[in-house]
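To start, the structure under review is shown below, and the notes come after it.
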Number of protein chains: 2
Amino acid sequence: MLDVRRLALLAAVVDTGSMTAAAEQLGYTPSAVSQQLRRLEVEAGQPLLHRQARGVRPTEAGAVLAGHARHVLRRLSAAEADLAELAGLRRGTIALGVFPTVASALLPQVVSRFRRQYPDLRLDVRSTRFDELVELLENGTVGIALLWDYAWNRVDVPDISLTPLLDDPTVLIVAADHRLARKRFTTMSELAGEEWIVRAHDHPVAEVLERSCRAAGFTPKIAFEANDYQEAQAMVSVGLGVALAPRTAVRNPNPDVRVLALGTDVPARRVLLAHRQDRLRAPAELAMHQLLVDVAREYQTKP
Amino acid sequence: MLDVRRLALLAAVVDTGSMTAAAEQLGYTPSAVSQQLRRLEVEAGQPLLHRQARGVRPTEAGAVLAGHARHVLRRLSAAEADLAELAGLRRGTIALGVFPTVASALLPQVVSRFRRQYPDLRLDVRSTRFDELVELLENGTVGIALLWDYAWNRVDVPDISLTPLLDDPTVLIVAADHRLARKRFTTMSELAGEEWIVRAHDHPVAEVLERSCRAAGFTPKIAFEANDYQEAQAMVSVGLGVALAPRTAVRNPNPDVRVLALGTDVPARRVLLAHRQDRLRAPAELAMHQLLVDVAREYQTKP
DNA sequence: ACGCCCATGAAGCGTTGCTTCACGCTCAAT
DNA sequence: ATTGAGCGTGAAGCAACGCTTCATGGGCGT
């Protein structure tokens, strides 16, 4: 393969008409240029320059080669420009993986701010289950994923770096006409007699309920298993029972229910930012990373 | 400037989907490929490949860069192909400088054979005076020039390499009704009483005449100075005198004159092939060089 | 005739890029 | 569960390459 640096030298020499001028332009000594061009001529098997008293002139082969060199150099510049655009966040794609509840709470803010701050970047959001999120992260389909865990079961995936974003406290949902509906705060021990709405029995919130009730000294009576938090709220609203939920899941509650804070003894869900720990990360990923940290902090302070 | 060899590596890796496969394809060890790609990533400031358990996959930046790489490689191949075409005499131009008398004698054969042998090469012929030929040769306008000289004034130009092509003996031109017209051969001593047609008095043939007559013991009487050999023949044909000429100049003589050979004591013109002694010569020049040597040899043996 | 500009050469030094050898990991077959 | 094949990666070392420095020679303009 022809050496492109030599070709660049040739093009400069042909343009300037002199080896010395080309050397100066490219920051070399004339000797280096002369040596490289000689090698290029040997490689080419034919002379590329006519040596004249005053500078040099390309031969036919030299002119042809210089023409190709210019094209190659242009293309290399374009490649560098593309890299610079990707690095400068004026181009590129960031794929973000999220789970449904955080999607509805945090994402509107994330998306709108991202659009404003990086109008040239493309943002792909995929919302799916926890385990698929990890998979997407591992095979590079998404650059960043939002995950969650609870204190008794911390997420730990090899080669995945985690940054806690926010604590998502567990709250109590009661019907608007519930005896506690006018309070802003309560504790588990107040709820010993309640019937409970949970999501699927294998859903983490069910375990939160189990543990909290056990800590408060009673066993919850499960009245209904809902498929999502909308359904859970609906059941609560008609007085079928009360429910626990991460606060982000009830940012905009059903008007017929009330949301009460619980003590810190009730486990909180933790939301984490996850990415593969590559030694080098795509600029767009770094940008999204920072943006998520910012949005989460603001969300935490003024919910 | 991005290193094209690294880009080639990247393209191969992206194509094959594996560093090892790319390494094998390009004759490197996997380790070398891995090291080079890592450097390229550092240069790019962002990851180019997603390392997976089974091979690798390009990131967005990697795909972009690989695309540019493919263009660059194509262009380099085209450049090499062009050089090969020039070297393989399937393309290119050869400029030949000649002087008028050899042009008419040797050139038809040269041109027709060149056309036949190298149909893809372009042939430029420039016919001009001796000193301008040297100039054209020195500044590269022509790659090969045909020159001539006489024994007493050998051509010698610095940095110009000379190859004798043929000896062009001096012949005698007489009118068809001249007393020697029926002979094929004569000597200068037979011509002591003649009147002479010469070309310009500073023309070399005038000096040939001077020297030959002096050697034969007489001084020529100049009857006319002609501008070219056609004019000289015309003057001879009407009996104004006899003339000397290089044989190649009267290949197709005027029907009203006769051409006689002279002894070897009359100086012969020497025709030479001249080229700049570059350490590397264009393939088309080498081809033309050889062709001229061949044509000259044949011309010499069966004129 | 002088100085200036240009291309070029030999020698030497620093960098680079490769190979070799070894390791850790994942997947699939036994 | 174990083994083996395939893949990427790392440290060390060696050879080649490309540059600089210093010096030479030729042609041009003042």
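Numbered from 1 within each chain, the chains take letters A, B, ... in sequence-line order.
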Hey, could you give me the CD1/NE2 distance between A:Ile94 and A:His289, rounded to the nearest 0.5 Å?
11.0 Å

Between A:Glu43 (CD) and D:dC17 (P), how many Å, whole number?
11 Å

For atom OH of A:Tyr28 and atom P of D:dT21, their distance in whole Å
14 Å

Whole-Å distance between D:dG6 P and B:Glu24 CD?
10 Å

Would you check if the side chain of A:Thr59 reaches a backbone N or O of A:Pro47 as a donor-acceptor pair within less than 3.5 Å?
yes

For A:Val33 and B:Met19, find the nucleotide of DNA chain D closest to each by heavy atoms; which residue's nucleotide sits nearer the 5' end?
B:Met19

Can you check the A:Leu9 CG to D:dG18 C1' distance for me, whole Å?
11 Å

Residues B:Arg154, B:Asp156; criterion salt bridge (Lys or Arg N to Asp or Glu O under 4.0 Å); working and verdict
CA-CA 6 Å; B:Arg154 290 308 192 196; B:Asp156 180 25; over 6 Å; no

Whether over 12 other heavy atoms sit under 6.0 Å from B:Glu135 CD:
no

Does the D:dG8 base have a donor-acceptor partner in the side chain of B:Ser18 within less than 3.5 Å?
no

So, A:Gln36 side chain and A:Leu9 main chain: donor-acceptor pair closer than 3.5 Å or not?
no

Base, sugar-phosphate or nothing for B:Val56? Non-hydrogen atoms, less than 4.0 Å.
sugar-phosphate

What is the nucleic acid contact for A:Gln35, judged by heavy atoms within less than 4.0 Å: base, sugar-phosphate only, or nothing?
base

B:Gln52 CD to D:dT9 P, in whole Å, measures 12 Å

Separation of B:Leu49 atom CG from D:dT9 atom P, in whole Å?
8 Å

For the pair A:Gln46 (side chain) and B:Leu83 (backbone), establish whether a donor and an acceptor sit closer than 3.5 Å, ignoring hydrogens and angles.
yes

For D:dC19 and A:Arg5 - does any side-chain N or O of the residue sit under 4.0 Å from the phosphate oxygens OP1/OP2?
yes

Knowing that exactly one of B:Val205, B:Asp167, B:Val271, B:Val102 qualifies, which makes a side chain to side chain contact (heavy atoms under 4.5 Å, CB included) with B:Pro246?
B:Val205

Considering every strand and a 4.0 Å limit on heavy-atom distances, what is the contact class for B:Thr20: base, sugar-phosphate, or nothing?
sugar-phosphate

Contact boundaries of DNA chain C with chain A (under 4.0 Å, heavy atoms), 5' to 3'?
C:dC6 to C:dA10

Expressed as a whole number of angstroms, how long is the span from B:Arg51:CZ to D:dC7:P?
16 Å

